[in-house]
Amino acid sequence: MSFEDNEKLASIFETIADALEFLNDNPFKIRAYRNAVDSIRSLNESIVDIYSKSNPKKVEGIGKDLEQKIKEYIDTKKVAYLDELLEKVPYTLFQLKDIRGLGPKTLYKMFERYRVRTLEDVKKLVFENDELKDISLLEKSIKKIREGIELFEEGQSRFSLGASLLIAKGLIEQILKIDYVVKAEIAGSTRRGKETVGDLDILICTKDFKNVSKALANLPHKQIIALGDTKVSLLLSNNMQVDFRIVDDESFACALQYFTGSKEHNVRVREIAIKKGFKLNEYGLFFKDKKIETKSEEDIYKALGLCYIKPTLRENKGEIEACLSNNLPDVVELEDIKGDLHVHSNYSDGLMNLEEIIQEAINRGYEYIAITDHSVSSYVANGLSVERLYEQLNEIDKLKSKYKGKINILAGSEVDIKKDGSLDFDDSVLKDLDIVIASIHQGFGNSKDINTKRIIAAIENPYVNIIGHPTGRLISQRPPYELDMQSIVEKAAKHKTALEINSFYLRLDLNDEHARLAKAFGAKLCINTDTHTKDNFNYMLFGVLTAQRGWLEKSDCLNTLNYSKLKQFLKKR
DNA sequence: GCCGTTTTCGGCCCGACTGTTTTCAGTCG
């Protein structure tokens, strides 16, 4: 019954794949294990349930052998093959595979020849020797590995989507000023809207490869990692790696498709291409060695008999199958958003006054805007007492009349869910509000059971419309509190309480996978910015990208409704 | 190790850059 087994099994197979890589085993066998990992991670049901049946259904990428290992796991809670491999490869080596410039082959040679097991061992080896001829490492390779270790120790490995998009836009502005650059576009995981990004990919279109690559190498950087005619990689001062790829106009569409990834998605697309007699690479789409004109990514997918798949869906998580069976979702777009339902004013910890918020919402073309300041328990956020809340309600009432016909204003609150699951304001107060968001802001350390009960109590409250940032995580800073997400989405659907996708780039909460789960159970989602300053309204894009990655359509999102439909939803009792 | 509307064997996506090589391995995406 437990999804935790899916993750445990996936991580066992992942470790096996890593170990086989160290042992220089058949690369296709390694890929088979990695495919199985992806397949298990994207399952919507428990793998234990599937393989406990006498006649289990087919799971993509799992054949006879892996099925046997899954059954072994079900019986014994372990896979003996992994233990066997771990006798040959010390587990400590696995933690070192993220050192840039030091791959599994070299690492394993270091282990075999010098018994290197830990980071300290590697450091000692490469910092005390300028060359290691017997494992074919000379001065330059040693230098690269040393740099890789320094970067690894600084620990900054992934960047938020917000940071990545901001840096990308700045770089593109500079790149477009380079002579003979026709266009430049973001590719890679940033274009796919992933919540964190390892390195930034930018695709550049030009005819003058040599001079453009030279100019790219002159952009501000800390280190040049690679410098060729078609590829330049820089390490920026903040340790973000940027890969520039240079292509000509004819190849641009195929290159964009290629460098957007994901790798797994591309493998599938290329397999389809091969089956139909095509060849697809970053330079073009070919049929029997004849290049087919592709002006856009749409042309590529169409030529292969597929519909256009948006970058946010390209993760090989069922999008190809959905496309072939005509079930690809028509995902929600930024333009579909009709209002922001989570906004803080200077009554609590926001920086704008009420009219500034309303004015900004009008400027953005919103049909409605909600004012949802913190409640009294959020002391550090200057939460409103009941008296101050009613003071604010009075002011909002006046503004409602003043802006009538221009925008609809909803008076609300972001109410704290207290430790016992009760809310910060009584129902007698909540009933006077147009909209209520309930959020957890304290007591993160409780058990899964207690956390889940707290949230469900709020979901069941007849005045609560939205659960704010449901898992409480802050990306790379604070893990989500433990929740039984399936019970939560079921209850949310039942009680017509929407779950928030908080668009703040460190939250993105719910995340893409949870959003997809919520949709599957019929719960509504609401994409909000949790705005505290005027610029924060821009974060809506991050929330929409997350929603797209969760396969959400316009109809799955509360704040795509027009005002009268929204009012109907908010009257849940 | 997986997979099959040309195949139950023999494929498996494909290419760039670097360093140590003189034809290629390792790493990366």
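Just so we're on the same page: letters track the sequence lines, and every chain starts at 1.
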Using a cut-off of 4.0 Å on non-hydrogen atoms, how would the nucleic acid contact of [X] be classed: base, sugar-phosphate, or nothing?
X: A/S233; value: nothing
X: A/K263; value: base
X: A/D243; value: sugar-phosphate
X: A/I30; value: nothing
X: A/R31; value: base
X: A/P27; value: nothing
X: A/Y258; value: base
X: A/K58; value: sugar-phosphate
X: A/G101; value: sugar-phosphate
X: A/K69; value: sugar-phosphate

Mapping A/L227 and A/N266 to their closest nucleotides on DNA chain B, which lands nearer the 5' end?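 That would be A/N266.
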Want to settle it: does A/Y33 or A/T230 sit nearer the 5' end of DNA chain B, counting the closest nucleotide to each? A/Y33
Using the [atom1] atoms only, state how far [M] lies from [N], rounded to an integer number of Å.
N: B/dC17; M: B/dC13; atom1: P; result: 22 Å
N: B/dG11; M: B/dT6; atom1: C1'; result: 13 Å
N: B/dC14; M: B/dT8; atom1: C1'; result: 27 Å
N: B/dG26; M: B/dT20; atom1: C1'; result: 11 Å
N: B/dT22; M: B/dG29; atom1: C1'; result: 27 Å

Counting only side-chain heavy atoms from C-beta out, which of [options] sits nearest to [X]?
X: A/E282; options: B/dG15, B/dC14, B/dC17; answer: B/dG15
X: A/R100; options: B/dG1, B/dG29, B/dC17; answer: B/dG29
X: A/A226; options: B/dC14, B/dG29, B/dC17; answer: B/dC17
X: A/K144; options: B/dG15, B/dC14, B/dT18; answer: B/dT18
X: A/L138; options: B/dG29, B/dT20, B/dC2; answer: B/dT20
X: A/Y283; options: B/dC14, B/dG29, B/dA16; answer: B/dA16
X: A/E271; options: B/dC13, B/dA16, B/dT20; answer: B/dC13
X: A/K140; options: B/dT20, B/dC28, B/dC12; answer: B/dT20
X: A/N26; options: B/dC12, B/dG29, B/dC17; answer: B/dC12

Syn or anti for B/dT7, given that syn means the glycosidic angle lies within 90° of 0?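 Syn conformation here, the glycosidic angle of B/dT7 being no more than 90° from 0.
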Charged N to carboxylate O under 4.0 angstrom, A/R192 versus A/E315? yes
Protein-nucleotide distance ([X], atom [atom1]; [N], atom [atom2]), rounded to Å:
X: A/E60; N: B/dC3; atom1: CD; atom2: C1'; answer: 10 Å
X: A/K29; N: B/dC3; atom1: NZ; atom2: C1'; answer: 17 Å
X: A/Q68; N: B/dC2; atom1: CD; atom2: P; answer: 11 Å
X: A/Y108; N: B/dT27; atom1: OH; atom2: P; answer: 14 Å
X: A/I145; N: B/dC28; atom1: CD1; atom2: C1'; answer: 15 Å
X: A/Q223; N: B/dT18; atom1: CD; atom2: C1'; answer: 13 Å
X: A/E147; N: B/dT27; atom1: CD; atom2: P; answer: 16 Å
X: A/F152; N: B/dC28; atom1: CZ; atom2: P; answer: 12 Å

With a cut-off of 6.0 Å (strictly less than), are more than 12 heavy atoms of other residues, nucleotides or ligands near [atom1] of [X]?
X: A/K58; atom1: NZ; result: yes
X: A/E264; atom1: CD; result: yes
X: A/D330; atom1: CG; result: no

A/R549, A/R507, A/R158, A/R473 screened by salt bridge (Lys or Arg N to Asp or Glu O under 4.0 Å) with A/E195, the one that passes: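 Exactly one option meets the salt bridge (Lys or Arg N to Asp or Glu O under 4.0 Å) with A/E195, and it is A/R473.
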Ring centroids only, cut at 6.0 angstrom: are A/F286 and A/F278 within range, meaning strictly under it? no
Would a line drawn from the ring center of A/F22 to the ring center of A/F94 be shorter than 6.0 Å?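 Here the rings of A/F94 and A/F22 have centres that are less than 6.0 Å from each other.
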Taking atom types as modelled, find out whether A/S164 and A/T190 have a side-chain donor-acceptor pair closer than 3.5 angstrom. yes
Does any nucleotide pair with B/dT18 by Watson-Crick or G-U wobble geometry, both distances under 3.5 Å, and what is it? B/dA25
